[in-house]
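Working notes, beginning with the structure itself.
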Amino acid sequence: YRALLSEELRRVRHAVRRRYPGIAAADLEMLSERALDALDALPAHVNPLIQAIFVQSWVRCLHELS
């Protein structure tokens, strides 16, 4: 499941980068990597719904940058 959530973050990162090329690539990369690292740091027993909410909050953050 985490692999799917990680892929969602990567997909959004690429979509934002394509749609809004003016966004600093370094900032976008740093934020998305932090999100992926934080997802990996979540304990394995964390409810998948909580994991999905966590990822969606990062997705929203990446879209708000654009």
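Bear in mind the structure is a predicted one, so any value in this text is a computation, not a measurement.
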Which heavy atom of W58 sits nearest to which heavy atom of A35, and what is that distance? CD2-CB, 3.2 Å
How close do L39 and F54 get, heavy atom to heavy atom, and via which atoms? N-CE2, 3.8 Å
Quick check: does any side chain N or O of Q51 sit under 3.5 Å from a backbone N or O of V46, one acting as donor and the other as acceptor? yes
Salt bridge (charged side-chain N to carboxylate O under 4.0 Å, His left out) partners for R10, two or more places apart: none
Once rounded to the nearest 0.5 Å, what's the spacing between atom CD of E8 and atom CG of L36? 11.0 Å
For Q56, enumerate each residue passing the side-chain hydrogen bond (donor to acceptor under 3.5 Å, both in side chains) test, keeping only those at least two apart in sequence or located in another chain. none
Residue list, side-chain contact (heavy atoms from CB on, under 4.5 Å) with I53, at least two apart or on another chain: L49
Considering only residues two or more places apart or on different chains, which pairs with a residue in residues 34-52 satisfy salt bridge (Lys or Arg N to Asp or Glu O under 4.0 Å)? none
